[in-house]
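Reviewing the structure listed below.
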Amino acid sequence: KSPLIGVFICYNRIMKKTLIIGTMQTEWLEYVKELPKGNEDYEVLSSRLQLSGSALKAASLYQQFGFPYEVIAPVGRGSAGERLSAYLEEKQIDVQHVEGIHGSSTLLVDSKDRSNRIYAPGIEFDISNNLFLTIDPENIDRVLVFGDALISENAKDVIDLLQEIQQEVYFAPGSYFQSIEDSILDAMLDFHPIMILEDTDLLLENFEYLETMISGLQEDSHNTILFLAQFQGLYGFELTQKFLLKNTSFEDAEYIAIAYSLARLANVDSKNALLLAQEMGIAAIHHQTLSFQQMELFKQRLKGMILHAA
């Protein structure tokens, strides 16, 4: 069995924790012939129950790669919360349990590989400062924030925590981008985050338009921006260079954010970190949990990148 990557890292420093802020969900994955339009009925070809959510994916990957982390993701009560609690206890992932019924979601995937998610929201989106009591800013050296952590009325509490921590921020708003209040988005840009964006609704017609849009965002963020255009490519924009990884497959933007942050934490250069992120994003098609075999393969890939960087 390969050693933990976090222990394997071949540069000498004490590694502090990555703080992960997001949600955990119980989700029905349903395959349908065609995505419904509006409230119309749809035929389910097959379905299965899975555990998902931005924070669950991130905590699981950080744990399996052996990197230290803390997670802020409330888990409530009810059947969804109990299922999550049992899984988290089995995997030894620590979260804080709160009062309230935990929500769930349904992910619809059609025959053309298009997807849409339906939410039955609950306490998992209520990320407020009573969850921050165990966080010691001195032990944190980066924060990974997902968009689902910023859509509740307590979003300002997350901003206040980031202000207190004053460390590098990775920001992956995902499909929640339009739901986040402008004042919260402006506050996030003030932290000069590394941003991981996706565009699943608008198929970009040309690269020039994308560059113009990203250039405007970089003027505000002053940092790296990754942009996922589904079925087209993964674009990486740094202040002095840009990369394009073409692709025709579905990619999970949350896994891209997590994998990129892992690789950069391991001192891997931006381009190779982007390559690893794209591979993991494709492997995690439709938000599935990566298999043991896939994880071992990605551990070996990251180890090779670390050795190359050294």
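Since this is a predicted model, take the numbers as computed values, not measurements.
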Any side-chain heavy-atom pair of L161 and L19 under 4.5 Å: yes
Atom CZ of R77: over 12 foreign heavy atoms under 6.0 Å: yes
Under 3.5 Å: donor-acceptor pair, side chain of E124, backbone of G122: yes
Rounded distance (nearest 0.5 Å) linking atom CD1 of I258 with atom OH of Y255: 6.5 Å
Main-chain N/O of E30 paired with S47 side-chain donor or acceptor, under 3.5 Å: no
L185 side chain reached by F171 side chain, heavy atoms, under 4.5 Å: yes
Rounded distance [0.5 Å steps], CZ in F65 versus CG in L262: 6.0 Å
Heavy-atom side-chain proximity of Q218 to I225 below 4.5 angstrom: yes
For the student: nearest non-hydrogen atoms of A58 and F146, plus distance: CB-CE1, 4.1 Å
Nearest non-hydrogen partners of T106 and Y42, listed with the distance: CG2-OH, 4.5 Å
Side-chain touch L150/M188, heavy atoms, less than 4.5 angstrom: yes
Single-linkage hydrophobic cluster, 4.5 Å side-chain cutoff, F177 and L189 together: yes
Expected output: side-chain Q64 to main-chain S60 donor-acceptor under 3.5 Å: yes
Side-chain (Q96) to main-chain (L133) donor-acceptor, under 3.5 angstrom: no
Q232 side chain vs A229 backbone, donor-acceptor pair below 3.5 Å: no
Pairwise side-chain contact, Y87 with R83, heavy-atom cut-off 4.5 Å (strictly under): no
Verdict with reasoning, V143 to T18, per side-chain contact (heavy atoms from CB on, under 4.5 Å): CA-CA 6 Å; V143 187; T18 296; over 6 Å; no
Over 12 foreign heavy atoms within 6.0 Å of CD, Q166: yes
H192 backbone acceptor or donor facing N223 side chain under 3.5 Å: yes
Verify same cluster id: V44, L108 (apolar side-chain graph, 4.5 Å): yes
K16/R142 under side-chain contact (heavy atoms from CB on, under 4.5 Å): CA gap, chis, key distance, verdict: CA-CA 8 Å; K16 293 186 177 181; R142 64 177 54 199; over 6 Å; no
Derivation and outcome, side chain to side chain donor-acceptor pair (under 3.5 Å), residues D148 and T23: CA-CA 7 Å; D148 48 15; T23 68; 2.7 Å; yes
Least distance between heavy atoms, K33 atom then S111 atom: O-OG, 3.0 Å
Contact list for residues 84-99, test salt bridge (charged side-chain N to carboxylate O under 4.0 Å, His left out), sequence neighbours left out: none
Side-chain donor-acceptor contact under 3.5 Å, Q241 with E238: yes
Residue pair A263 / L302: nearest heavy atoms and the distance that separates them: CA-CD1, 4.1 Å
Step-by-step side-chain contact (heavy atoms from CB on, under 4.5 Å) determination, M24 to V95: CA-CA 10 Å; M24 299 183 177; V95 298; 3.4 Å; yes
Side-chain donor or acceptor of H102 paired with backbone N/O of G76 under 3.5 Å: yes
Exercise: do Q25 and S52 side chains pair donor with acceptor under 3.5 Å: no
Single-linkage hydrophobic cluster Y31~L35, side-chain heavy atoms < 4.5 angstrom: no
Spacing of CG belonging to L61 relative to CE belonging to M295, to within rounding of 0.5 Å: 5.5 Å
Validation row: R48, L29 side chains within 4.5 angstrom (heavy atoms): yes
Shared hydrophobic cluster for I282 and F298 (ILVMFWY, side-chain gaps under 4.5 Å): no
E198 CD to D252 CG distance, which is reported to the nearest 0.5 Å: 8.0 Å
K112 with E34: basic N within carboxylate O range, under 4.0 Å: no
No-hydrogen, no-angle side-chain donor-acceptor test under 3.5 Å, E254 and S54: no
D126: partners by salt bridge (charged side-chain N to carboxylate O under 4.0 Å, His left out), with sequence neighbours left out: none
Identified side chain to side chain contact (heavy atoms under 4.5 Å, CB included) counterpart of Y260 within the set T224, L276, L234: T224
K17 side, atom NZ; F67 side, atom CZ - distance, nearest 0.5 Å: 15.5 Å
Derivation of the side-chain contact (heavy atoms from CB on, under 4.5 Å) call for D160 and N129: CA-CA 9 Å; D160 291 342; N129 59 12; over 6 Å; no
Which atom of N154 lies closest to which atom of I127, heavy atoms considered: CB-O, 3.4 Å
Close side-chain approach of I196 to Y170, heavy-atom, < 4.5 Å: yes
Non-hydrogen atoms of P173 and I180 that approach each other most closely: CB-CD1, 4.2 Å
Heavy atoms of other groups near D182 CG, more than 12 under 6.0 Å: no
N/O donor-acceptor pair under 3.5 Å between R301 side chain and M305 backbone: no
Option from D110, V32, V109 for which side chain to side chain contact (heavy atoms under 4.5 Å, CB included) with S115 holds: V109
S104 versus Y119, side-chain donor and acceptor atoms under 3.5 Å: no
Approximate separation, where rounding is to 0.5 Å, of Y62 OH and Y69 OH: 11.5 Å
Cluster link I123 to Y176, ILVMFWY, side chain under 4.5 Å: yes
Minimum side-chain heavy-atom gap I194-V169 below 4.5 Å: no
Ion pair check, E153 and K156, cut-off under 4.0 Å: no
